[in-house]
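Chain A is the first sequence line, chain B the second, and so forth, proteins listed ahead of strands; every chain is numbered from 1. For clarity, every value in this text was computed on a predicted model and none was experimentally measured.
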2 protein chains.
Amino acid sequence: MDKSLISAPIPTIRRLPKYIHMLKRLKIENVLYVSATTIAHELKIEPILVRKDLSITGIIGKPKVGFEVEELIASITQFLNWNNTEDAFIIGVGALGEAILGYSGFKDYGLNIIAGFDIDKKKIGKKIFGVEILPLDSLEDLIKRMHINIGVLTVPASESQEICDSMVSSGIKAIWNFSPIALQVPDEVILENVHLSQSLAVLTHKLAKKLKG
Amino acid sequence: MDKSLISAPIPTIRRLPKYIHMLKRLKIENVLYVSATTIAHELKIEPILVRKDLSITGIIGKPKVGFEVEELIASITQFLNWNNTEDAFIIGVGALGEAILGYSGFKDYGLNIIAGFDIDKKKIGKKIFGVEILPLDSLEDLIKRMHINIGVLTVPASESQEICDSMVSSGIKAIWNFSPIALQVPDEVILENVHLSQSLAVLTHKLAKKLKG
DNA sequence: TTATAATCGATAATTTTATATCGATAATAA
DNA sequence: TTATTATCGATATAAAATTATCGATTATAA
Ligand SMILES: NC(=O)c1ccc[n+]([C@@H]2O[C@H](COP(=O)([O-])OP(=O)(O)OC[C@H]3O[C@@H](n4cnc5c(N)ncnc54)[C@H](O)[C@@H]3O)[C@@H](O)[C@H]2O)c1
Ligand SMILES: NC(=O)c1ccc[n+]([C@@H]2O[C@H](COP(=O)([O-])OP(=O)(O)OC[C@H]3O[C@@H](n4cnc5c(N)ncnc54)[C@H](O)[C@@H]3O)[C@@H](O)[C@H]2O)c1
């Protein structure tokens with residue numbers, strides 16, 4: 001049975017990486033077992049929620065001791081399909097694009113960026129963190145020929161819908177969008193947005209209440 | 001009555017910036033009125049949910065026409081307290097920190113980064129995008145003296161708890177954390193995490209289901 | 001060996017969030 | 001002027017997510 005085929009609530013999926021972060025640290029510290037209670041305490045969530053989240057990945061715990069750390073990492077990783085890294089393109093190698101390109105951590109999250117695309121002639125042809133920057137013209141052809149499923153979109157907001165359309169027409173399956181725009185994509189294309197403004201909204205609203213209230 | 005003092009569900013707060021993005025575009029296009037139906041259609045959410053979200057900011061719509069675009073922008077902005085930008089420090093001016101520092105968009109989201117801090121001597125003393133980079137040693141003193149409320153944390157994960165503790169002891173009120181770590185802060189300190197792995201988890205999980213299922 | 005304590009995991013209850021219904025309102029057209 | 005239509009916003013319902021309860025299990029200590 002392939003774990004990554006099971007459905008889960010989005011909130012659960014979003015918490016799973018938090019568990020992985022903690023578990024990997026525990027592994028480094030040579031901790032063999034960890035209980036839902038311990039995880040919950042560190043991550044400030046309820047133990048019962050931790051157990052529910054973990055159980056969806058198929059792991060079975062041991063009463064009195066908890067879960068085996070390595071087994072749990074493997075279970076979550078399989079569930080997220082992070083054991084199979086997907087090759088991806090990034091479009092727009094500016095400040096943010098370059099930071100993402102240079103971040104080695106994403107390989108642990110199932111993402112392997114193998115090429116960047118830009119319109120800036122000063123960037124095209126160069127290698128950034130070992131990844132070649134290619135002209136935008138070649139994007140469509142390469143998505144098709146290399147069967148790329150994921151596009152990371154870090155172009156200016158004004159350009160993103162156009163690039164998005166171009167990727168979609170080339171058969172891209174999922175777009176990880178960083179531009180502050182509500183991209184229009186067909187139902188079958190997975191769109192995941194990183195809108196930092198959303199996170200900041202929560203922060204500023206809470207802070208305003210704290211300072212004034 | 002100060003709008004930013006009203007409580008709202010977190011999901012609502014997280015959607016508000018999406019409305020602002022769309023509304024600002026409409027304003028540029030000289031659109032005067034917009035209905036919840038129109039917003040809902042573009043953002044792929046239910047009209048009733050849009051109305052509920054907007055109503056929490058105190059706006060009152062007009063039957064048959066909808067909401068006045070400018071008034072609605074003002075209403076949401078006030079609710080999020082984005083009309084009062086907060087001065088902030090950023091700690092760790094690496095690839096990501098520099099991208100954030102250079103991003104002019106955050107001023108529209110109530111955040112004004114006025115100084116960066118790092119331990120890298122090559123960076124200290126320089127100005128990046130007009131913002132001075134100062135030595136980490138001066139962080140605590142400056143938070144206190146300048147009454148800084150927000151710290152943006154973009155140091156390596158191994159360093160972040162220590163810097164976090166240092167900011168907390170200097171009286172910081174809110175931390176916007178980008179490192180993949182569950183920071184421990186006292187209850188009264190607002191902690192907002194940007195864990196890109198969470199977003200990626202949703203994407204990879206959906207993609208795996210799509211490709212295999 | 002037996003009692004104790006911690007934890008798991010199934011089921012139930014509660015809370016939160018999203019959606020549906022419908023009368024009231026205001027613009028538009030007959 | 002009056003009918004029609006789109007939309008708002010209050011109230012009600014449904015769905016989703018979280019939290020509580022409790023018997024079963026197993027390591028640890030008496
Ligand atoms: N920098 C941040 O912290 C930050 C934060 C939130 C959102 N964003 C969003 O991320 C995106 C990128 O931001 P940035 O700060 O890196 O901007 P940037 O200007 O530094 O980089 C944009 C890059 O895209 C390239 N580009 C422009 N048009 C292109 C096209 N049609 N095809 C391919 N490449 C093209 C440019 O040459 C440049 O290299 C923007 O949409 C921005 O709103 C950035
Ligand atoms: N780059 C990305 O796309 C990305 C994505 C997700 C998360 N992150 C996280 O963001 C953080 C920064 O990532 P990055 O790619 O910019 O790393 P980076 O190595 O480019 O930058 C880190 C910066 O922090 C400085 N620094 C180190 N120790 C410090 C200390 N004690 N005090 C002050 N400054 C210190 C370094 O000199 C450097 O300038 C990391 O925690 C990383 O895991 C980055």
Establish, from distance only, whether the side-chain atoms of [X] and [Y] form a donor-acceptor pair under 3.5 Å.
{"X": "B:Asp53", "Y": "B:Thr12", "answer": "yes"}
{"X": "B:Asn83", "Y": "B:Thr77", "answer": "no"}
{"X": "A:Asn149", "Y": "B:Lys210", "answer": "no"}
{"X": "B:Lys209", "Y": "A:Ser7", "answer": "yes"}
{"X": "B:Thr85", "Y": "B:Lys107", "answer": "no"}

TODO: Tell me whether the centres of the aromatic rings in B:Phe67 and B:Tyr33 are closer together than 6.0 Å.
DONE: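 So the answer is no for these two rings.
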Open item on the list: Check for me whether the distance between the ring centres of B:Phe106 and B:Trp82 falls short of 6.0 Å.
Closed with: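 No - the distance between ring centres of B:Phe106 and B:Trp82 does not fall below the 6.0 Å cut-off.
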Sort me out a list of protein N/O and nucleotides 24-30 of chain C N/O pairs below 3.5 Å, or just none if empty.
residue	atom	partner	partner atom	Å
C:dA27	OP1	B:Lys62	NZ	3.3

Task: Option passing side chain to side chain contact (heavy atoms under 4.5 Å, CB included) with B:Phe117 (candidates B:Ile91, B:Ile143, B:Val155) - done: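 The single option meeting the side chain to side chain contact (heavy atoms under 4.5 Å, CB included) with B:Phe117 is B:Ile91.
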Take the protein atom [atom1] of [X] and the nucleotide atom [atom2] of [N], then report the distance between them rounded to whole Å.
{"X": "A:Phe67", "N": "D:dT25", "atom1": "CZ", "atom2": "C1'", "value": "13 Å"}
{"X": "B:Tyr33", "N": "D:dA6", "atom1": "OH", "atom2": "C1'", "value": "15 Å"}
{"X": "A:Ile10", "N": "D:dA15", "atom1": "CD1", "atom2": "P", "value": "19 Å"}
{"X": "B:Ile39", "N": "D:dA6", "atom1": "CD1", "atom2": "P", "value": "18 Å"}
{"X": "B:Ile13", "N": "C:dA18", "atom1": "CD1", "atom2": "C1'", "value": "17 Å"}

Open item on the list: Nearest heavy atom decides the nucleotide; on that basis, is B:Gly61 or A:Arg15 closer to the 5' end of DNA chain D?
Closed with: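 Here B:Gly61 is the residue nearer the 5' end.
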Open item on the list: Go nucleotide by nucleotide along DNA chain D from the 5' end; which of B:Val34 and A:Thr12 gets its closest nucleotide reached first?
Closed with: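 The residue mapped nearer the 5' terminus is B:Val34.
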TODO: Give the minimum heavy-atom separation between A:Gly97 and A:Thr154, together with the two atoms involved.
DONE: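 Heavy-atom minimum between the residues: CA-OG1, 3.6 Å.
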Task: B:Arg14 side-chain N/O to C:dT17 phosphate OP1/OP2 under 4.0 Å - done: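 Negative; the distance criterion is not met.
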- [ ] Could you list by number each residue of residues 42-57 of chain B showing a heavy-atom separation from DNA chain C of less than 4.0 Å, or answer none if no residue does?
- [x]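 Residues of residues 42-57 of chain B under 4.0 Å from DNA chain C: B:Glu46, B:Ile48, B:Leu49, B:Lys52.
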